[in-house]
There are 2 protein chains.
Amino acid sequence: MNIGEIARRAGVSRSTVSYSLSGKRPVAPTTRKRIQDVIDELGYRPNATARALKEGRTRTIGLVIPPAGNRLNHMQLDFVASVVDAAARADLDVLLSPSGGDHDKSFERLISERRVDGVILMEIRVEDARVGRLQQARLPFVGIGHTAGDEEMCWIDVDYAGLIRHTVRHLADLGHRKVALVNRSPELVAAGYGPALRAAEGFAAATAERGVTGIDVPCGDDARSGQDLLAALLDAHPDLTALTTINEAALPGIQRALDDAGLVVPQDFSVTGVAATLWAEDFRPPLTAADVPALDMGDKAVALLVERIASPSTPPRHILLAPPVSLRSSTGAAPAHRAAPAEKAAATRS
Amino acid sequence: MNIGEIARRAGVSRSTVSYSLSGKRPVAPTTRKRIQDVIDELGYRPNATARALKEGRTRTIGLVIPPAGNRLNHMQLDFVASVVDAAARADLDVLLSPSGGDHDKSFERLISERRVDGVILMEIRVEDARVGRLQQARLPFVGIGHTAGDEEMCWIDVDYAGLIRHTVRHLADLGHRKVALVNRSPELVAAGYGPALRAAEGFAAATAERGVTGIDVPCGDDARSGQDLLAALLDAHPDLTALTTINEAALPGIQRALDDAGLVVPQDFSVTGVAATLWAEDFRPPLTAADVPALDMGDKAVALLVERIASPSTPPRHILLAPPVSLRSSTGAAPAHRAAPAEKAAATRS
DNA sequence: TCGGTTACGCGAATCGGTTCGACCGCGAAC
DNA sequence: GTTCGCGGTCGAACCGATTCGCGTAACCGA
């Protein structure tokens, strides 16, 4: 069932059917009605492939996600969902491509076979070969995260440096003198993952500025790692009274380690950071944190990409988001003295 | 840069380039080398759209996920990841379509514009209009979950009835006399979501069989709902000593409600159910549960779909998975007497 | 009455591949 | 010495849409 079949049944030429559908040239009302009746009867919709070939665009965008091994965190998941949603509203389909390494089969297919009109690139690293590949292919794209040196591309990012700086100041104002940054996984930090690097930057700047002692440690992106890490940290630093983090997935583990040590938040220990709203609200007590507007970012990313596809030659735009810190109840004045973890733990175990 | 350009530069016809690439007809080694050199130099890859038009297949499959509003749980997320992965291995791309209602724009586009060669349909309901739509369009598809009446389709499902029955027997064997089933959200239950219905079936059968009292309650798919529900449940049923669940997302909330009530697992209360391995291991103590092999299911779904695309007329196959129950440490002998929640909670609050 | 719009519709070209039929030259077989 | 088969190549048709150029008829004002 194709446009020729419709034309035949309506007794007109194929071009007339096409014009009737697109409205790009006038078609007599009676003819149009006849055509529409046939279309309605057969439930015809023009073949997307043929249309794409002729028009030179696929009405599809690629969404490059971290590879399946690395589990997506809630922020990323919300982002994916909102991209798919926003794309649907713009009558675009979304092609998924898991890609981590530089030479990924599925990524390469997307680009060189021209399956998509544009790409949204998640989890950009500071040195990212995919950016060069996209530029070389002249394919419009929007990065989630930015690379320091490159102003030639469109991107949207969260101002991790600024937000972490903000949280550290907040803790310093509450009297904390020794503060930890629970960063993303060692692998991501080593790979030069932007948010991890910039969080560290902001952390270093703010601790120096306020004269507090800062401990910057990477942590696997899961509850277990968070628990082990914090237990070790509490053990090694009896005077540690607060932490800030960008590692959402470690939060449940952090909570457990604090419980195990018999520390009450925020009386004995303060916790803050940057996280998706859901995670922040799931913490107990609710986390004082900068809420990453992941849903909003998806909308913005699609809008930016659509704009870029329409006019690829305009100078690239950048959006740096700095959501406000929601004061919930996981931070408080520094305790005069934090009981040694061992003795507290013993007390609760009994 | 297209096949004509390659042909021109290599001094051959377009068909020769095509045959050289596909190997469907012999090409002289010298010619082949000349062509390959030009291709390597320009980095040519045949345009996917044009190829799809001629071949009549897009090498793309559609993955229909629950709409963005309903947050995906870990099981579903693992499943999506493994589908994308398995598809990539089979040189297929994955087009995402969020669809809940019956008349979804993006779903309809996928089907009627023939953007995909086949579809994987997640979260099937007992009455699901999308199934009929796919059959009518003669588009191969595999359902995740099955509809009772319809044996005409391919599906993969987890044997929720059997697994829940199994967990209830386990609890009964440990001496529990009153057991709750924490089911999925009221909306899903009302919509006739298969796993929810079948879990209830299995629960009813097993409680009857073992003569234990069963309480079957729906619960929102999030931590907060789990917490509220269980608190209410403990309050209303002082003799409730165990629960089983298929609602992963509620687990963290269940954990909190138990903590708040001062109940220790498994001494005071037993918890079990069906969950993704990650959630089961994240519970404290680790959850005795049937581990849903979501990653495996993705592989199997893609394999089944590929098979069905290749030969659409063979009778549909069904796969019912019944993963073994991993005995971890969240279930134990029923306590002689469970302290009233109020008095225990008061004790911990002090 | 005549030139000039405008409305309407058709045929053909085009997008970038794949594939069928045909052709040519050469060596083997009868 | 013709014929057959086969390796190697080319031209043309085709997939299903869009769109350009052109023809025709009706209608307008001068």
Side-chain angles (χ1 to χ4, degrees), chain A residues 1-36 38-39 42-60 91 93 109-117 137-139, chain B residues 1-36 38-39 42-60 91 93 109 111-117 137 139:
Chain A
M1 190 223 310
N2 53 26
I3 199 173
E5 176 75 7
I6 304 295
R8 210 178 48 70
R9 297 209 187 201
V12 296
S13 74
R14 302 192 303 150
S15 47
T16 302
V17 176
S18 180
Y19 285 126
S20 169
L21 244 33
S22 70
K24 294 192 180 175
R25 279 198 194 175
V27 170
T30 59
T31 314
R32 160 167 295 151
K33 167 107 178 59
R34 200 148 28 95
I35 293 171
Q36 196 55 52
V38 176
I39 287 177
L42 299 190
Y44 166 79
R45 293 273 298 262
N47 179 300
T49 306
R51 188 205 293 253
L53 175 59
K54 176 60 185 171
E55 290 187 343
R57 60 183 187 138
T58 58
R59 293 168 191 271
T60 303
D91 277 333
D93 281 323
R109 244 209 329 266
L110 227 61
I111 310 307
S112 55
E113 297 184 1
R114 307 211 82 83
R115 275 175 191 265
V116 295
D117 296 337
R138 304 192 169 291
L139 208 55
Chain B
M1 190 223 312
N2 52 26
I3 200 173
E5 175 74 7
I6 304 296
R8 211 178 48 70
R9 297 209 189 202
V12 295
S13 75
R14 301 193 304 149
S15 47
T16 303
V17 175
S18 180
Y19 285 126
S20 170
L21 244 33
S22 70
K24 295 191 179 176
R25 278 198 194 175
V27 170
T30 59
T31 314
R32 161 167 295 153
K33 166 111 178 58
R34 202 149 26 95
I35 292 171
Q36 196 55 52
V38 176
I39 286 177
L42 299 190
Y44 166 79
R45 294 271 299 263
N47 180 300
T49 306
R51 188 202 292 251
L53 176 58
K54 177 58 184 172
E55 289 187 343
R57 60 181 186 142
T58 58
R59 293 170 191 271
T60 302
D91 277 332
D93 281 323
R109 246 211 325 267
I111 310 308
S112 55
E113 298 185 0
R114 309 211 79 84
R115 276 174 190 265
V116 295
D117 296 337
L139 208 54

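Chain identifiers are assigned alphabetically (A, B, ...) following the order of the sequence lines, protein sequences preceding nucleic acid strands; residue numbering begins at 1 within each chain.
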Can you check the A:I39 CD1 to D:dA17 P distance for me, whole Å?
10 Å

Interatomic distance where NZ belongs to A:K24 and C1' belongs to D:dG21 [whole Å]:
17 Å

What's the verdict on side chain to side chain contact (heavy atoms under 4.5 Å, CB included) for B:R109 and A:D91, showing C-alpha distance, side-chain angles and the deciding distance?
CA-CA 9 Å; B:R109 246 211 325 267; A:D91 277 333; 3.0 Å; yes

Gap between atoms CD1 and P, on B:I35 and D:dG8 respectively (whole Å)
12 Å

Give one of base, sugar-phosphate or nothing for A:T31, where a contact means two heavy atoms less than 4.0 Å apart.
sugar-phosphate

Roughly how far, to the nearest 0.5 Å, is the NZ atom of B:K24 from the OG atom of B:S15?
14.0 Å

Can a donor-acceptor pair be found, under 3.5 Å and without considering hydrogens, that links the side chain of B:R34 to the backbone of B:A10?
yes

DNA chain D contacts made by residues 47-54 of chain A, counting heavy atoms under 4.0 Å:
A:N47, A:A50, A:R51, A:L53, A:K54

Using only modelled atom types and a 3.5 angstrom limit, is any donor from either the side chain of B:R32 or the base of D:dG7 paired with an acceptor on the other?
no

Judged by nearest nucleotide, the residue sitting upstream toward the 5' end of DNA chain D, A:R25 or A:L21, is A:L21

Which part of the nucleic acid does A:P46 contact within heavy-atom distance under 4.0 Å: base, sugar-phosphate only, or nothing?
sugar-phosphate

As an exercise, state the distance from OG of B:S13 to CZ of B:R8, rounded to the nearest 0.5 Å.
14.0 Å

Without swapping roles, check the side chain of A:T31 against the backbone of A:V27 for a donor-acceptor pair under 3.5 Å.
no

Measure from CZ on B:R45 to C1' on C:dG16 and round the result to the nearest Å.
16 Å

Checking A:I39 against A:L21 for the side chain to side chain contact (heavy atoms under 4.5 Å, CB included) test, could you report, in this order, the C-alpha distance in whole Å, the side-chain angles of both residues, the deciding distance, and whether it holds?
CA-CA 10 Å; A:I39 287 177; A:L21 244 33; 3.5 Å; yes

Within residues 5-15 of chain A: residues closer than 4.0 Å to DNA chain D (heavy atoms):
A:R14, A:S15

Rounded to the Å, how far apart are A:I3 CD1 and C:dC15 P?
19 Å

Once you round it to whole Å, what is the distance between P of C:dG16 and CD of A:E55?
14 Å

Under 4.0 Å: is that the gap between some side-chain N or O of B:Y19 and OP1 or OP2 of C:dG17?
no

Under a 3.5 Å distance rule, please check whether B:D117 uses its side chain to pair with a backbone N or O of B:T58 as donor and acceptor.
yes

How many whole angstroms separate atom CE of B:M1 from atom C1' of C:dG17?
14 Å

Once you round it to whole Å, what is the distance between P of C:dC15 and CZ of A:R59?
19 Å

B:V38 and B:Y44: CA distance, side-chain angles, deciding distance, side chain to side chain contact (heavy atoms under 4.5 Å, CB included) verdict
CA-CA 8 Å; B:V38 176; B:Y44 166 79; over 6 Å; no

Between A:R115 and B:D93, does at least one N-O distance fall below 4.0 Å, as a salt bridge requires?
yes

